[in-house]
Every structure is written in C-alpha cells, then in structure tokens.
Amino acid sequence: MRVATWNINSVTVRIDRLLGWLERSGTDVLCLQELKCEPAAFPTERLREAGYEAAVHAGGRWNGVAVLSRVGLDEVVRGLPGGPEYDGVAEPRSVAASCGGVRVWSVYVPNGREVGHPHFTYKLGWLGALREAVAEDAAGARPFAVLGDFNVAPEDVDVWDRSVFEGSTHVTGEERAALAELRAAGLSDVLPRPLKYERAFTYWDYRQLGFPKNRGMRIDLVYANEPFTKLVTDAYADREERKGKGASDHAPVVVDLDL
DNA sequence: ATGACTTGGTTACCAAGA
C-alpha cells in the first residue's frame, strides 16, 4: 500500500496535477492540506471517476484538509477534538479516516507567523491538543500515522541554512518540544530518503529561485506508531512534483507499506 | 528597497503563507 501526504496549495488550481500525480504514483491513500476551497467546490466527482473516495473538511479561503482513498474510507472525524480556536473560529485543519487497515490523520498545523504572535501561541496549543487527540490511536495495535504539514522543522538539518531562520518560527525550541511531546505519545518520524542532495526537503519558497537553489525545508512529516513503522518498506519526498509551471510550493511525501 | 511568488477574496489591492 502506498500512503502519502501533500500540501497542495489550492486543490482548485491543481486538480489536473493532482489527478496526474495520483495516476503516476499509484498512491492508495493521500492526505491533502491547504485545499483553499469551500466544501461544495471540492472536486469530489473527478476524484471519484479516478477511483478515490474523499473525506473533506474545508471552508473559507484558507486551510482545508482531506483524506483520499481507493482502499476504503471509514470512521471519518472532522476537526480537532479539544482544539483551540483562532479569532473565535475552529479552522478546518484536521480530518481523520480509516483506509484499508490503516488509520490516518491529515493535519495542517497553524503557521505561527512570528514568535510571540497570538498565532504562535495558537500553534503550540493546537499541537498540544493534537497530542491528546491521537494518544489512544498512537498507543493502539492498529497501524496509525499523523501525516501533514506540521510547519515545524524537527532538526536544524531540516532547513537549508539554519542561520537564516534565527529568531523565526518553525525552528524554535518550543515548537520542537511540542513535536517531542507528540513522539512521546508513541509516534516516530518516518524519515523520507532524498531523491537528490543529502537531505530530503518537502517545501521550497516560490520566491527567489528557492527550488532551483534547493533552499528548502522539511516540514511535511509522517508521524507513525510502531505497528505502522514496522510495515514501512520505503519513504521519499517526491521533489519531481515540485518542478515546472503550476507546482505547489510543497512536494508530496510518499510512504510504502508492506500491506 | 523590511520585498523579490502564489493564492482567493473584501480584487485593479490585500492578507497569508513559511
């Protein structure tokens, strides 16, 4: 079974790329983030024609997440139970589903904007609530993983130049401590192998030739419990999908399971 | 030059992303 996660940065703009990538990669279960569409605008029918069911949690101009599956889709949970609101809004940043013997969460962790900003506090609170929400599944016997855009680079080697990020979000001790808490709940980082260079990045800024210069970050993560990690036969970041006109600024992260 | 893309919405500009 092939499972993947991809921050697609507008499913509306990239539906043709999405369908092409699903067919080329042969992905069975895909966690999507940043749909940037209303639920009614989600391309349910085109995905169904391609053989995929979808669990969608979306709304408004930002955020929006989904789980696509061609191996069954059950036990859908929309939203983060006990999760914090921002500006009085419970944003659509997580959706969970069980697909072909694996349970997955598709998450889009808040960006945080600046250290000390209310959005940064929101980010830390959101990660704390995520830990509580997944604790039972993480400790369970069923293969389980949280996949998505975590907006945190777990280690200094997960950014192209640590000095550039001094004082910025995504690399702070507080954010990394929140990830450590998540791992302490029974999850571990499924590290993708690079297809080029020494480290696999998953995001490159659109600006200033970020991708050609490989000024990237690894912030799209797969946090899996032991029953899940035992099944992993391969994992990689598909940087090919970051190439060319009309690419998302994130590349898909792919995990193969012996299942 | 406190910005260099890209997106969707309050559109012939803005916020947000990371």
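A, B, ... follow the sequence lines: proteins, then strands. Residue 1 opens every chain.
Remark: the separation of the C1' atoms in dA12(B) and dG17(B) is 22 Å, to the nearest Å. For the P atom pair drawn from dA16(B) and dA1(B), the interatomic distance equals 26 Å after rounding to whole Å.
Residue contacts for Thr169(A): at a heavy-atom cut-off of 4.0 Å it reaches no nucleic acid atom on any strand shown. Within the nucleic acid shown, Asp220(A) has no heavy atom closer than 4.0 Å to any nucleic acid atom. Residue Tyr203(A) is in sugar-phosphate contact alone, with no base atom involved, counting any heavy-atom pair closer than 4.0 Å across all strands shown. Residue-level contact check: Tyr108(A) touches the backbone only, with heavy atoms under 4.0 Å from sugar-phosphate atoms and none from bases. Using a 4.0 Å heavy-atom cutoff across all strands shown, Arg14(A) reaches sugar-phosphate atoms only and no base atom.
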Between the protein and nucleotides 2-5 of chain B, are there any N/O to N/O pairs under 3.5 Å, and if so, what are the atom names and distances?
unit_1: dA4(B); atom_1: OP2; unit_2: Arg207(A); atom_2: NH1; d: 3.0
unit_1: dC5(B); atom_1: OP1; unit_2: Gln208(A); atom_2: N; d: 3.1

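Remark on DNA chain B: of its neighbouring residues Val13(A) and Asn7(A), the 5'-side contact belongs to Val13(A), judged by nearest-heavy-atom nucleotide. Of the two residues near DNA chain B, Val11(A) and Asp149(A), the one whose nearest nucleotide lies more 5' is Val11(A).
Listed by first and then second residue, the side chain to side chain donor-acceptor pair (under 3.5 Å) pairs that reach into residues 139-158 of chain A are Asn7(A)-Asp149(A), Glu75(A)-Arg142(A), Ser98(A)-Arg142(A), Asn151(A)-His170(A), Asp156(A)-Arg162(A), Asp156(A)-Arg176(A), Asp158(A)-Arg199(A), Asp158(A)-Arg218(A), sequence neighbours excluded. Residue pairs satisfying the salt bridge (Lys or Arg N to Asp or Glu O under 4.0 Å) criterion with at least one member in residues 249-259 of chain A, sequence neighbours excluded, are listed as follows: Arg2(A)-Asp256(A). Counting only residues at least two apart or in different chains, ring pair (Phe, Tyr, Trp, His ring centres under 6.0 Å) contacts with residues 65-92 of chain A comprise Tyr86(A)-His119(A), Tyr86(A)-Tyr122(A). Evaluation of the salt bridge (Lys or Arg N to Asp or Glu O under 4.0 Å) test over residues 101-112 of chain A, restricted to residues two or more places apart or in two chains, returns Arg103(A)-Asp137(A). Among residues at least two apart or in separate chains, ring pair (Phe, Tyr, Trp, His ring centres under 6.0 Å) pairs with a member in residues 8-61 of chain A are Trp6(A)-Trp21(A). Residue pairs meeting the salt bridge (Lys or Arg N to Asp or Glu O under 4.0 Å) criterion with at least one member in residues 105-126 of chain A, sequence neighbours excluded: Lys123(A)-Glu175(A).
Salt-bridge annotation for Glu45(A) and Arg48(A): present, with a side-chain N of the basic residue lying under 4.0 Å from a carboxylate O of the acidic one.
The CG atom of Asn63(A) sits 10 Å away from the P atom of dA18(B) (whole-angstrom rounding).
Listed pair Asn111(A) / dA18(B) meets the phosphate criterion, a side-chain N or O lying under 4.0 Å from OP1 or OP2. Residue Asn151(A) has a polar side-chain atom (N or O) positioned under 4.0 Å from OP1 or OP2 of dA18(B).
Within a heavy-atom distance below 4.0 Å of DNA chain B, the residues of residues 170-178 of chain A found are His170(A). For DNA chain B, the neighbouring residues in residues 33-45 of chain A, judged by any heavy atom under 4.0 Å, are Glu34(A), Lys36(A).
Under the ring pair (Phe, Tyr, Trp, His ring centres under 6.0 Å) criterion, Tyr203(A) pairs with His250(A), not counting sequence neighbours. For Tyr223(A), the ring pair (Phe, Tyr, Trp, His ring centres under 6.0 Å) partners two or more places apart in sequence, or in a different chain, are Phe150(A). Here His117(A) pairs with nothing under the ring pair (Phe, Tyr, Trp, His ring centres under 6.0 Å) rule; sequence neighbours left out.
Side-chain atoms of Arg17(A) come within 3.5 Å of backbone atoms of Glu241(A) as a donor-acceptor pair (strictly under, hydrogens ignored).
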